[in-house]
Amino acid sequence: MAKTPFELKGRRVFVAGHRGMVGSALVRRLASEDVELLTVARAEVDLRNQAAVFDWFAKKRPQAVFLAAAKVGGIIANNTLRAEFIYDNLVLATNIIQASHQSGAEKLMFLGSSCIYPRLAPQPMREDSMLTGPLEITNEPYAIAKIAGIKMVEAYRSQYGSDFISVMPTNLYGPGDNYHPEYSHVVAALIRRFHEAKVAGAPEVVVWGTGTPRREFLYVDDLADACIHLMKTYSSDELVNIGTGEDITIAEFARMVAGAVGYRGVISFDPSRPDGTPRKLLDVSRLARLGWRAPTSLEDGIKLAYQAFLREHQQAAE
Ligand code: GFB
């Protein structure tokens, strides 16, 4: 089962979800790995369609699979599109994990999320705190689907001896993010809101919630680098958290984004919007023991994300 180090070089590597923020970062990172990269457009194969997925895997026979396809969104998207979040994420996990097994993939990495840990898990959250308490209600459907994926990986390892692993990224941001005003995550939402307020000369920007929740943010290219490192060197049924090990309040974070964007007006808070989990800081000591730490500081990452927003915004306008 455990065949570490796992050589990526020369292998057929499938990135499921290559158009998403995480998948496109994996594709960028894999460009320096000398692999035969496999991706598939949604118009060709909808990864939620079991027959189409089984068929595609039988033809392409990827040797390594990154399962980065997911229905994702911020706190309001998770809380509103509850059926889509549980259905899409469950079906993506079951289709791709089973297809990888059937077609003889040698290695698979399943990407989960820090919201699989209990709402009030002791901080920083260790990998063994999964399933020790109730989940945050606003993203429970998403978290349950991700927990199911983790349990599938464990089960396939145990019954079939598959070299499948699971990693848990913290809140992510960077190029390719979704800037939808209502459904995005906080980083993309605030970059866009502060930018538009600066351009319009607006005197005030409203930030959702009380500003007191704490969040940890990881630049998505750092996540991709950690994933490649673990794909090559890690094989165990224990999860691995991927984060920076540092968090910040939403209020402080909003001030940082305003600074990076160059917005000088007033920042106010709207407590009628949900705060979500009070704090979710990952314990990254297992990852550190495995030889990886995040290279990009939050200050630098926000600047890079703002540049990416300006580029993507420009392209969308053209
Ligand atoms: O990023 P976010 O939507 O995700 O919100 P979660 C983080 C925090 O930022 C919350 C606050 O406390 C929000 O209230 N916030 C402030 C805002 N202003 C805004 C804004 O304009 N937009 C958004 N979206 N938030 C998600 C989960 O939780 O995190 C998912 O729902 C997933 O399942 C993802 O785990 C990583 O950290 O609260």
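Note that ligands are numbered from 1 as they come in the structure, with each ligand's atoms numbered from 1 the same way. The analysis underlying the following values was restricted to heavy atoms, covering all of them including side chains, and did not include hydrogens, waters or symmetry mates.
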Point to revise | Audit row: Leu298, Tyr173, side-chain contact (heavy atoms from CB on, under 4.5 Å) steps and yes/no | key: CA-CA 10 Å; Leu298 186 56; Tyr173 69 98; 3.7 Å; yes
Salt bridge between [X] and [Y], side-chain N to carboxylate O under 4.0 Å?
X      : Y      : answer
Asp88  : Arg48  : yes
Glu154 : Lys151 : yes
Glu182 : Arg273 : yes

Mind checking whether [X] contacts ligand 1 via backbone (N, CA, C, O), side chain (CB onward), both or neither, at a 4.0 Å heavy-atom cut-off?
X      : answer
Asn139 : side chain
Arg273 : neither
Ile250 : side chain
Lys280 : side chain
Tyr142 : side chain
Ser184 : backbone

Review point. Would Asp283 and Tyr117 count as a side-chain hydrogen bond (donor to acceptor under 3.5 Å, both in side chains) if you check the C-alpha gap in whole Å, the side-chain angles of each, and the deciding distance to 0.1 Å?
Key: CA-CA 12 Å; Asp283 181 323; Tyr117 296 118; over 6 Å; no
Check your understanding: Trp292 and Ile242: which non-hydrogen atoms are nearest, and at how many Å?
Key -> CZ3-CG2, 4.5 Å
Point to revise | Heavy-atom pair with the smallest gap, counting every atom of Pro181 and Trp208 | key: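 Scanning both residues, the minimum pair turns out to be O-CZ2, 3.8 Å.
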Check your understanding: Does Ala121 offer a backbone N or O that forms a donor-acceptor pair with the side chain of Gln123 under 3.5 Å?
Key ->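 Answer holds: yes.
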Point to revise | Side-chain donor/acceptor of Thr170 to backbone N/O of Glu216, under 3.5 Å | key: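 A pair under 3.5 Å: yes.
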Review point. Do the non-hydrogen side-chain atoms of Pro141 and Leu81 ever get within less than 4.5 Å of each other?
Key: no
Review point. With side chains defined as the heavy atoms from C-beta onward, is the minimum distance between Glu36 and Leu38 less than 4.5 Å?
Key: yes
Contact (N/O only, under 3.5 Å) between [X] and ligand 1:
X      : answer
Gly276 : no
Asn171 : yes
Arg193 : yes
Pro274 : yes
Pro213 : no

Can you report which non-hydrogen protein atom sits closest to [atom], along with the distance?
atom                    : result
atom 2 (P) of ligand 1  : Val186 N, 3.8 Å
atom 18 (N) of ligand 1 : Trp208 N, 3.0 Å
atom 37 (O) of ligand 1 : Arg215 NE, 2.7 Å
atom 34 (C) of ligand 1 : His185 NE2, 3.3 Å
atom 35 (O) of ligand 1 : Ser113 OG, 3.0 Å
atom 31 (O) of ligand 1 : Asn78 ND2, 3.1 Å
atom 3 (O) of ligand 1  : Ile75 N, 2.8 Å

By number and element, which atoms of ligand 1 are closer than 4.0 Å to a non-hydrogen atom of [X]?
X      : value
Asp275 : 10 (C), 12 (O), 14 (O)
Cys115 : 33 (O), 35 (O)
Ala189 : 20 (C), 21 (O), 22 (N)

Point to revise | Inter-residue atom distance Tyr263.OH - Lys198.NZ, 0.5 Å rounding | key: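 Rounded to the nearest 0.5 Å, the OH-NZ separation comes to 12.0 Å.
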Check your understanding: So, Thr244 versus Glu246: side-chain donor-acceptor pair below 3.5 Å or not?
Key ->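 Their side chains do not contain a donor-acceptor pair, so the 3.5 Å distance test is not met.
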Exercise for review: Say whether Thr138 and ligand 1 are in contact under the criterion: heavy-atom distance to a ligand atom below 4.0 Å.
Suggested key: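 The answer is no, since Thr138 has no heavy atom less than 4.0 Å from ligand 1.
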